[in-house]
Protein chains: 2
Amino acid sequence: MDEIFKRTENQRKDIHNSDIPVVCRACEARHGGMCGVMTPQQLTELSKFTTRKKVNPGSEVVGQGEQVAAYANVLKGVVKLSKMLHDGRQQIVGLQFAPDFLGRPFSRESTISAEAATETEICSIPKAVLDRMVGDSPELEHKLHQQALVELDEARDWMLTLGRKTAQEKVASFLYMIALHYDPESTERTVFDLPLSRADIADFLGLTIETVSRQMTKLRGDGVIQIENNRHVSVPDMERLAEVAGIE
Amino acid sequence: MDEIFKRTENQRKDIHNSDIPVVCRACEARHGGMCGVMTPQQLTELSKFTTRKKVNPGSEVVGQGEQVAAYANVLKGVVKLSKMLHDGRQQIVGLQFAPDFLGRPFSRESTISAEAATETEICSIPKAVLDRMVGDSPELEHKLHQQALVELDEARDWMLTLGRKTAQEKVASFLYMIALHYDPESTERTVFDLPLSRADIADFLGLTIETVSRQMTKLRGDGVIQIENNRHVSVPDMERLAEVAGIE
DNA sequence: CGACGAGTTGAGGAGTGTCAAAGTGAGTGG
DNA sequence: CCACTCACTTTGACACTCCTCAACTCGTCG
């Protein structure tokens with residue numbers, strides 16, 4: 001079905017954990033992330049150049065200038081990708097969770113800024129190093145290609161939400177997406193903390209803070225969700241939420 | 001800078017036109033499209049399985065069932081990618097022009113439908129054939145990866161438009177995008193035909209037909225554009241249009 | 001304790017959507 | 001050649017959603 005994947009799996013049969021660089025052993029990015037398709041040699045090579053960093057909420061991740069340009073893997077926390085109009089109107093165009101890859105391969109700077117939404121940890125990779133490795137490793141390019149396609153699907157799903165849903169449906173859709181992200185299987189009660197402030201949610205949904213707040217209140221009043229502490233949300237019935245979100 | 005590209009360029013130095021399959025010689029897809037990175041051998045192999053087709057406006061391109069699943073290159077015309085809510089609300093999430101690639105590599109069917117917006121011609125490629133070639137050819141995967149990233153950028157640009165711009169700015173942004181597509185250099189007067197009906201434009205912008213119509217009328221009244229025949233548009237000053245579109 | 005940021009709630013208004021009717025152009029058949 | 005139809009577009013009147021501005025609540029931290 002997916003030949004490149006099979007090839008990679010076979011390679012990995014012979015891998016002993018001791019071959020893998022210490023910094024990578026317990027790393028999120030090897031489970032589902034980009035580093036999962038790399039050989040021990042590649043990991044060893046790459047790990048010479050990577051830096052693990054904490055990023056505080058609100059700070060730029062991989063700010064411009066820093067090593068001229070770098071990529072990163074998100075290891076913990078949530079990073080928001082956003083775009084701005086010159087008059088200050090802002091739109092969040094994507095959320096990256098661990099172990100997502102961060103950065104735009106093959107340059108052509110898009111005007112996107114990446115900012116930590118929560119307490120975040122990243123593994124920063126100099127641009128030149130990764131670009132070279134991708135050129136030499138079809139498996140790695142394949143993996144990044146896959147992730148780009150997933151992000152494209154997500155972006156397009158969100159376009160439907162932005163363009164055609166009501167405020168109520170938008171907020172419900174957001175909650176539903178976050179809930180699924182923390183518990184993909186959930187059918188019964190689902191509980192989670194929102195990684196975004198009301199302002200961020202508004203920027204994600206193309207609404208104002210006030211409208212988001214009102215819709216949350218309404219969802220609470222209708223019994224679709226329960227809220228505690230502003231950030232802590234509990235969903236008694238995911239199907240009900242999906243229905244309100246316009247996701248049959 | 002981009003090693004894979006360089007490698008491909010070198011390969012192509014030795015290519016004689018006679019090596020290239022007849023059907024491919026004058027084909028759009030070799031100029032900027034996916035086929036531009038393929039060797040004569042690859043093209044010959046691929047061309048055994050491809051079918052060139054006309055598609056009428058409104059018909060599904062690569063409808064499901066047709067060869068189980070197929071990819072396609074757009075050779076002429078415009079294809080709209082759209083998503084629908086179960087109650088019929090629709091959102092166009094992308095436009096594909098020649099020589100764009102059409103289809104979702106590596107399965108995972110997304111719920112997108114592709115429909116011809118204008119008189120369209122495509123080169124249809126059976127899924128299995130291309131999947132195999134991509135597995136064997138890093139250059140080809142690189143090219144598709146690149147295109148996916150471009151589409152991702154476009155999708156995110158559009159999210160900003162959908163979420164944060166006014167109806168006026170949305171319509172202006174749409175006209176600006178189309179104008180640039182037909183004449184990327186244009187600084188002076190730019191003239192073009194809209195590939196989409198008002199209904200399609202509305203579905204692209206997350207508006208209603210009536211609002212689109214009113215905003216077009218207003219842009220005409222303000223002298224930003226001239227309209228003839230509903231479809232034929234003339235822009236005397238692209239910078240003025242960009243300004244109205246909220247693109248500084 | 002007071003100041004501050006984040007969130008909620010309220011009143012009023014602007015911008016779009018909805019519904020309805022009229023205008024326009026292309027194609028058809030008499 | 002002209003009426004007729006049909007799809008598409010424009011225009012108008014009105015309603016409603018969501019935004020704006022403002023006040024208030026709550027929890028946190030110095």
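Convention: sequence-line order gives letters A, B, ...; per-chain numbering from 1. Every value quoted in this text rests on a predicted model; they were computed, and no experiment measured them. All heavy atoms count here, side chains included; hydrogens, waters and symmetry mates do not.
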Query raised in the report: CG of B:Leu205 versus P of C:dT16: gap in Å, rounded?
Result: 12 Å
Report task. Find the distance A:Leu194:CG to C:dA6:P and express it as a whole number of Å. Result -> 15 Å
Report summary line: Which of B:Val244, B:Ile225, B:Val235 passes side chain to side chain contact (heavy atoms under 4.5 Å, CB included) with B:Leu175? It is B:Ile225
Requested in this report: Compare side-chain N and O positions of A:Thr208 against OP1 and OP2 of D:dC19 and report whether any pair is under 4.0 Å apart.
Outcome: yes
Query raised in the report: Closest nucleotide of DNA chain C for A:Thr217 versus for A:Arg164: which of these residues is on the 5' side?
Result: A:Thr217
Report summary line: Side-chain atoms of B:Ile209 come closest, of D:dC18, D:dT10, C:dT9, to D:dT10
Report task. Assess whether one donor atom and one acceptor atom, taken from the side chain of B:Arg231 and the base of C:dT24, lie less than 3.5 Å apart. Result -> no
Query raised in the report: Under the 3.5 angstrom rule, does the side chain of A:Arg30 hit a backbone N or O of A:Arg25 as a donor-acceptor pair?
Result: yes
Requested in this report: Would you mind reading off the distance between A:Ile227 atom CD1 and C:dT9 atom C1', rounded to a whole angstrom?
Outcome: 14 Å
Report summary line: The nucleotide from C:dT8, D:dC19, C:dT9 with an atom nearest the side chain of A:Asn230 is C:dT8
Query raised in the report: So does B:Lys54 pair up with B:Glu119, basic N to acidic O under 4.0 Å?
Result: no
Requested in this report: Please work out if A:Gly206 contacts a base, only the sugar-phosphate, or nothing of the nucleic acid, heavy-atom cut-off 4.0 Å.
Outcome: sugar-phosphate
Report summary line: Among the nucleotides D:dC18, D:dT10, C:dT16, whichever has the atom closest to the side chain of A:Thr166 is D:dC18
**Report entry** Of the listed nucleotides C:dT18, C:dT8, C:dT16, the one nearest the side chain of A:Arg198
**Finding:** C:dT8
Report summary line: Taken to the nearest whole Å, CD1/A:Ile201 to C1'/D:dC18 is 17 Å
Requested in this report: Anything under 30° is parallel, anything over 60° is perpendicular, the rest tilted; go ahead and classify A:Tyr71 against A:Phe101.
Outcome: tilted
Query - Test: A:Lys80 and A:Asp203 ion pair at under 4.0 Å - result: no
Query raised in the report: In whole Å, what is the span from the NZ atom of B:Lys218 to the P atom of D:dT10?
Result: 16 Å
Report task. Find the distance A:Leu196:CG to C:dG7:P and express it as a whole number of Å. Result -> 10 Å
Report task. Would you mind reading off the distance between A:Glu228 atom CD and D:dG27 atom P, rounded to a whole angstrom? Result -> 12 Å
Report task. Tell whether A:Glu210 reaches the base of D:dC18 with its side chain through a donor-acceptor pair below 3.5 angstrom. Result -> no
Requested in this report: May I have the distance from B:Gln215 (atom CD) to C:dA14 (atom P), rounded to whole angstrom?
Outcome: 16 Å
Query raised in the report: Does the side chain of B:Thr211 get closer than 4.0 angstrom to OP1 or OP2 of C:dG17 through an N or O atom?
Result: yes
Query raised in the report: Would you say the side chain of A:Arg214 and the base of C:dG7 hold a donor-acceptor pair, judged only by whether the two atoms sit under 3.5 Å apart?
Result: no
Report task. Between A:Asn229 and A:Lys165, just flag the one whose closest nucleotide in DNA chain D comes earlier from the 5' side. Result -> A:Lys165
